[in-house]
Amino acid sequence: MIDRTGTESGRAIDHISIPKETNTMPPKILVITGPTASGKTALAVELAKQYNGEVVSADSMQIYRRMDIGTAKPTPDEMQGIPHHMIDV
């Protein structure tokens, strides 16, 4: 176990950075839901840009590779450089 002084069992540890203050609040997660073709991706991308976030897809069909027809997977242009997860897994 590493304590706040940076020691482990009496040995000095110089390769581990221990923050002086720890945030006990969990990260905030924004969930966007809605029907197909309602603009969820565009909204998610704009919010991700505004809050320096990423997009995690929970679509049951977008997870499959090569199943592009009928799934409305976002194009690279629609993603606008924002990392998207759980698409084409």
Side-chain angles (χ1 to χ4, degrees):
M1 183 171 161
I2 301 170
D3 65 17
R4 288 190 162 272
T5 62
T7 61
E8 178 180 30
S9 303
R11 296 185 328 239
I13 299 177
D14 60 359
H15 63 278
I16 297 176
S17 174
I18 300 172
K20 292 188 183 222
E21 293 185 29
T22 56
N23 185 358
T24 59
M25 297 293 295
K28 294 184 180 184
I29 298 172
L30 179 62
V31 178
I32 301 169
T33 63
T36 302
S38 62
K40 296 181 298 289
T41 297
L43 176 60
V45 167
E46 289 305 314
L47 289 169
K49 288 194 292 189
Q50 182 177 351
Y51 293 102
N52 193 29
E54 298 184 0
V55 175
V56 178
S57 174
D59 188 285
S60 66
M61 301 308 284
Q62 289 182 359
I63 194 168
Y64 295 107
R65 285 188 198 139
R66 296 182 294 278
M67 183 180 268
D68 298 332
I69 297 174
T71 59
K73 290 180 186 176
T75 65
D77 286 341
E78 291 172 322
M79 292 182 189
Q80 299 182 31
I82 300 295
H84 282 60
H85 305 277
M86 302 306 294
I87 295 176
D88 286 337
V89 178

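Cluster annotation: M61 is connected to V56 through the hydrophobic network of ILVMFWY side chains, with a link wherever side-chain heavy atoms come within less than 4.5 Å. The hydrophobic cluster containing I82 does not contain Y51, counting ILVMFWY residues as joined when their side-chain heavy atoms lie under 4.5 angstrom apart, directly or transitively. V89 is connected to M67 through a chain of hydrophobic side-chain contacts under 4.5 Å among Ile, Leu, Val, Met, Phe, Trp and Tyr, so both are in one cluster.
One finds the CG atom of N52 at 12.5 Å from the CG atom of L47 (value rounded to the nearest 0.5 Å).
In the displayed structure, L30 atom CG is contacted under 6.0 Å by more than 12 heavy atoms of other residues, nucleotides or ligands.
The minimum heavy-atom distance between R66 and K73, with the atom names listed, is N-NZ, 4.2 Å.
No side-chain donor from either of E78 and T41 sits under 3.5 Å from a side-chain acceptor of the other.
Residues forming a side chain to side chain contact (heavy atoms under 4.5 Å, CB included) with K40 (at least two apart in sequence, or on another chain): I32, S38. In this structure P83 satisfies the side chain to side chain contact (heavy atoms under 4.5 Å, CB included) test together with E54, H85, sequence neighbours excluded.
Looking only at side-chain heavy atoms (C-beta outward), D59 and I87 stay at 4.5 Å or farther from each other.
Formation of a donor-acceptor pair under 3.5 Å by the Q62 side chain with backbone atoms of M86 is not found in this model.
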| said: Run the side chain to side chain contact (heavy atoms under 4.5 Å, CB included) test on Q80 and E46 for me, step by step, so that the C-alpha distance in whole Å, both residues' side-chain angles and the decisive distance to 0.1 Å come before the verdict. | reply: CA-CA 9 Å; Q80 299 182 31; E46 289 305 314; 4.0 Å; yes
